[in-house]
Protein chains: 2
Amino acid sequence: MDDSDQEPDIDERRERAREEVLDAMERAAEIYGLSRSYGRLYGLLFFAEEPMSLDDLVERSEYAKSTVSTAMNSLQRLHLVHRRSIPGEGKKAFYEAERDFWTVFQEFLRREVRREVDTMIRSLDRAEQHLDGLDDEQAQRDLEKIRQLRRMYDRSQSLIDILTSSSLDRLAGLLERLRRD
Amino acid sequence: MDDSDQEPDIDERRERAREEVLDAMERAAEIYGLSRSYGRLYGLLFFAEEPMSLDDLVERSEYAKSTVSTAMNSLQRLHLVHRRSIPGEGKKAFYEAERDFWTVFQEFLRREVRREVDTMIRSLDRAEQHLDGLDDEQAQRDLEKIRQLRRMYDRSQSLIDILTSSSLDRLAGLLERLRRD
DNA sequence: TGATATATTCGGCATTATCCGAATATACTG
DNA sequence: CAGTATATTCGGATAATGCCGAATATATCA
């Protein structure tokens with residue numbers, strides 16, 4: 001007699017538990033501007049004991065292979081999943097979930113935010129050059145606003161530099177100190 | 001003889017400078033998952049000396065009033081703009097840009113992220129209940145993963161609490177210390 | 001309350017995003 | 001290098017979003 005005879009609802013309860021978390025991950029994906037399918041695919045990898053292949057994911061998710069393929073590429077760019085190859089498995093790609101969201105966030109800062117900040121700063125500098133030396137009240141007021149924004153972006157830049165080079169533990173300890181102060 | 005005779009390109013240079021910044025703001029909006037129009041509308045407010053009415057914004061942006069109206073509501077929810085009424089102006093609403101992105105970020109943490117974290121934690125707890133006491137290897141492994149995630153979300157929660165209650169200056173000072181350590 | 005100025009909502013059209021299956025490209029193996 | 005297993009790309013169907021103008025709702029003031 002096997003498990004399911006002995007305790008007929010084990011599988012169902014396990015299934016329910018996972019489904020609960022997968023749903024939450026779909027919602028989370030939505031909040032951060034990703035499509036729900038990404039949340040579900042991430043969740044499947046999150047619960048996997050071993051890296052999953054594209055075909056594994058296709059089977060479990062019931063999405064088309066093309067869908068899973070592009071999703072994996074996006075999730076990889078976001079550092080939410082990692083791609084590995086396994087010796088002896090040929091071209092086959094395997095994916096696993098990154099479970100430490102802090103490093104995911106750090107990578108987002110490094111790649112997306114940092115790039116936004118840099119291009120904004122370049123634009124602000126160009127705008128400043130256009131206005132510099134203009135004998136015009138309106139121009140002076142614009143200039144002041146632009147410089148203020150530029151200062152804020154400078155501070156953001158250093159903040160990003162610090163955040164992307166600190167472990168979460170280090171940061172958490174420091175913030176703990178802040179709370180007590 | 002007026003300004004434009006004396007220095008014919010003042011207006012154009014001012015225009016160019018603003019357009020440079022507005023473009024950058026449209027790109028930034030895109031990066032953070034908003035539509036470009038939001039970036040432009042925010043930019044118009046950013047440069048305004050005084051609060052602007054819906055009709056002002058319609059005129060300057062050349063979007064339809066309905067578009068501007070819904071955009072203002074969204075930007076308001078994100079705390080990127082503030083709505084004010086002006087005594088003696090009746091029902092008319094006036095908008096101004098929030099120039100401190102740190103408070104914008106704080107509000108986003110408070111409203112969106114905090115909510116995501118809370119519902120995820122609730123889901124994780126429900127999932128844990130489903131699995132608790134199950135005599136099943138797979139269930140135990142799932143349980144361990146869920147608990148690990150739960151611990152991470154707990155830490156996130158306190159991090160959010162701290163971040164949403166500290167001024168940028170305070171935080172920046174602290175992080176400066178971190179850098180030197 | 002009625003008149004007026006303003007804001008919001010709604011249906012529709014155009015654009016974009018998602019997802020699919022088929023076709024193509026790519027990497028590995030013998 | 002041919003053959004095979006795998007991944008990616010592409011065109012098309014469907015759903016979602018952005019934007020509009022007209023219709024409706026709401027707030028203020030006489």
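Convention: sequence-line order gives letters A, B, ...; per-chain numbering from 1.
The shortest distance between side-chain heavy atoms of His130(A) and Glu20(B) falls below 4.5 Å. Residues Ser123(B) and Val21(A) are not in side-chain contact: their nearest non-hydrogen atoms beyond the backbone lie 4.5 Å or more apart.
As a whole-Å value, the separation of Leu34(A) CG from dC19(C) P is 11 Å. Taking atom CG on Asn73(A) and atom P on dC10(D), their separation rounds to 13 Å, with Å as the unit. Distance, Leu57(A) CG to dA7(D) C1': 13 Å, rounded to whole Å. In this structure, CE of Met52(A) is placed 16 Å from C1' of dT6(D), rounded to the nearest angstrom. Residue Asp55(B) contributes atom CG, which lies 12 Å from atom P of dA5(C) at whole-angstrom precision. Arg77(B) has its CZ atom 12 Å from the P atom of dT8(C), to the nearest Å. Note: CD (Glu62(A)) to C1' (dG21(C)) measures 16 Å, nearest angstrom. To the nearest angstrom, P of dC29(D) lies 14 Å from CD1 of Ile86(B).
Counting atom types as modelled, Lys91(A) pairs a side-chain N or O with a base atom of dT6(D) as donor and acceptor under 3.5 Å. For dG18(D), its base never sits under 3.5 Å from the side chain of Thr67(B) at any donor and acceptor pair. Residue side chain Lys92(B) does not reach the base of dT6(C) through any donor-acceptor N/O pair under 3.5 Å, judged by distance alone. For Ser66(B) against dG21(D), a side-chain-to-base donor-acceptor contact under 3.5 Å is present.
With 3.5 Å as the limit, one finds no donor-acceptor pair spanning the side chains of Asp100(B) and Thr103(B). Checking Glu98(B) against Tyr42(B) by side-chain atom types alone, no donor-acceptor pair falls below 3.5 Å.
With Leu41(A) as reference, Met72(A) is the one residue of Met72(A), Met52(A), Glu26(A) to meet the side-chain contact (heavy atoms from CB on, under 4.5 Å) rule.
Using a 4.0 Å heavy-atom criterion, one finds that Glu89(A) contacts no nucleic acid atom at all. Among the atoms of the strands shown, only primed sugar atoms or phosphate atoms (P, OP1, OP2) are found under 4.0 Å from some heavy atom of Arg83(B). When heavy atoms are screened at a 4.0 angstrom cut-off, Ser53(A) is found touching no nucleic acid atom at all.
Nearest nucleotide to the side chain of Ala64(A), out of dC19(C), dC20(C), dA7(C): dC20(C).
Taking 4.0 angstrom as the limit, Thr70(B) places none of its side-chain polar atoms (N or O) nearer than this to OP1 or OP2 of dT8(C). The side chain of Lys65(B) places no N or O atom within less than 4.0 Å of a non-bridging phosphate oxygen (OP1 or OP2) of dT8(C).
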